[in-house]
Amino acid sequence: ELTLDEKASLTAGDGLFATAAIERLGIPRVNVTDGPNGARGSDLPGMGGTPSTCIPCGSAIGATWDPELAEQLGSLVGREALDRGCRGLLAPTVNLHRHPLAGRNFECYSEDPLLSGRLAAGYVRGVQANGVFATVKHFVGNDAEFERGSISSVIDERALRELYLLPFELAVKEGGALGIMTAYNRLNGRWLTEQSALLVDLLRDEWGFEGLVMTDW
């Protein structure tokens with residue numbers, strides 16, 4: 001029932017941290033918030049807003065090896081996201097620690113895909129128990145920040161399946177994640193947002209994902 005303009009408006013968003021409302025069809029504006037170690041709300045960093053709890057960063061959670069603790073922390077962040085009028089949390093980050101100079105390693109759980117996936121699944125369950133959808137990111141191969149908007153991650157099929165995709169798969173299958181955020185980078189020369197083999201064939205048809213796929217901001 002959506003017009004072409006309405007469909008386009010849903011892909012573009014409404015402001016910095018919200019989707020557009022389609023009032024005639026009862027589709028509300030949905031506010032989302034960063035981030036992995038605290039729910040800031042829809043305010044920009046350093047621009048005021050309601051203070052929020054700062055939980056340990058991803059690599060600190062990874063060091064616990066404790067999915068139940070990750071679930072408790074996710075529940076706290078989910079409640080605070082909801083308190084700030086947000087129904088979507090742009091977290092967790094499950095890219096792998098592949099190089100010590102990767103600028104967002106602190107945000108990711110570990111270099112181990114199984115550990116990362118189990119922690120992510122727990123975190124997602126905790127967030128979503130509060131009526132907030134979790135957004136697992138950045139799908140996939142965003143394991144460095146150097147030229148992140150243009151770099152191409154070269155990964156063979158076996159490594160992609162066994163290492164890079166596994167945390168996302170566990171977050172979807174065991175955590176029930178309702179959101180996936182694509183990465184800025186290319187994978188083997190092609191932009192992630194253009195790879196239907198990953199976004200449709202694998203994510204939806206093989207893994208059974210039924211949620212929202214969004215681009216990075």
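Counting all heavy atoms, side chain and backbone alike, Ala120 lies closest to Val94 at CB-CG1, 3.4 Å. Heavy-atom minimum distance, Leu192 versus Asn185: CD2-O, 3.1 Å. Minimum heavy-atom separation, Pro113 to Pro167: O-CG, 3.6 Å. When all heavy atoms of Gly74 and Val127 are compared, the pair lying nearest together is O-CG2, 3.3 Å. Taking all atoms of both residues into account, the shortest heavy-atom contact from Ala144 to Ala102 is CA-CB, 4.4 Å. Residues Val154 and Asn188 approach most closely at CA-OD1, 3.2 Å, considering heavy atoms.
Taking OG of Ser9 as the reference point, atom CG of Leu2 lies at 8.0 Å (rounded to 0.5 Å). The distance from the CG atom of Leu170 to the CG atom of Leu114 is 6.5 Å, given to the nearest 0.5 Å. Rounding to the nearest 0.5 angstrom, the gap separating the CG atom in Leu202 from the CZ atom in Phe168 is 11.5 Å. Rounded to the nearest 0.5 Å, atoms CD (Glu111) and OG (Ser116) are 7.5 Å apart. In this structure, CG on Leu89 lies 11.5 Å from CZ on Arg84, to the nearest 0.5 angstrom.
In summary, of the residues considered (Val172, Val124, Leu178), a side chain to side chain contact (heavy atoms under 4.5 Å, CB included) with Val136 occurs for Val124 alone.
Judged by distance alone, the side chain of Lys137 and the main-chain N or O of Asp216 form no donor-acceptor pair under 3.5 Å. Under a 3.5 Å cut-off, the side chain of Glu1 and the backbone N or O of Leu25 do not form any donor-acceptor pair. Put simply, the side chain of His138 never gets that close to the backbone of Asn95: no donor and acceptor are under 3.5 Å apart. Within the 3.5 Å criterion, the main-chain N or O of Arg40 finds a donor-acceptor partner in the side chain of Thr33. In this structure, the side chain of Thr19 engages the main chain of Val30 through a donor-acceptor pair within 3.5 Å. Of the possible donor and acceptor atoms, none in the side chain of Asn105 sits under 3.5 Å from a partner among the backbone N and O of Leu101. Under a 3.5 Å cut-off, the side chain of Arg87 and the backbone N or O of Gly131 do form a donor-acceptor pair.
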Under the criterion side-chain hydrogen bond (donor to acceptor under 3.5 Å, both in side chains), I'd like the reasoning laid out for Arg118 against Tyr109: C-alpha separation, chi angles, the key distance, then a yes or no. CA-CA 10 Å; Arg118 289 276 161 78; Tyr109 292 121; over 6 Å; no

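The hydrophobic clustering, which links ILVMFWY residues whose side-chain heavy atoms are closer than 4.5 Å, places Ile55 and Val132 together.
Under the rule for a side-chain hydrogen bond (donor to acceptor under 3.5 Å, both in side chains), the partners of Glu107 that lie at least two apart in sequence or sit in another chain are Thr93, Arg104. Taking the side-chain hydrogen bond (donor to acceptor under 3.5 Å, both in side chains) definition, one finds that Arg29 meets it with Asp14, Asn31, sequence neighbours left out.
Within a 6.0 Å radius of CD in Glu6, other residues, nucleotides and ligands contribute more than 12 heavy atoms. In the displayed structure, Arg158 atom CZ is contacted under 6.0 Å by at most 12 heavy atoms of other residues, nucleotides or ligands.
A donor-acceptor contact closer than 3.5 angstrom is absent between the side chains of Asp143 and His99.
Taking 4.5 Å as the limit, some side-chain heavy atom of Thr182 sits within range of a side-chain heavy atom of Val213.
Sorted by first then second residue, the salt bridge (Lys or Arg N to Asp or Glu O under 4.0 Å) pairs that include residues 192-209, not counting sequence neighbours, are Arg161-Glu206.
Relative orientation of the Phe17 and Trp217 rings is parallel, given thresholds of 30° and 60° on the angle between their planes.
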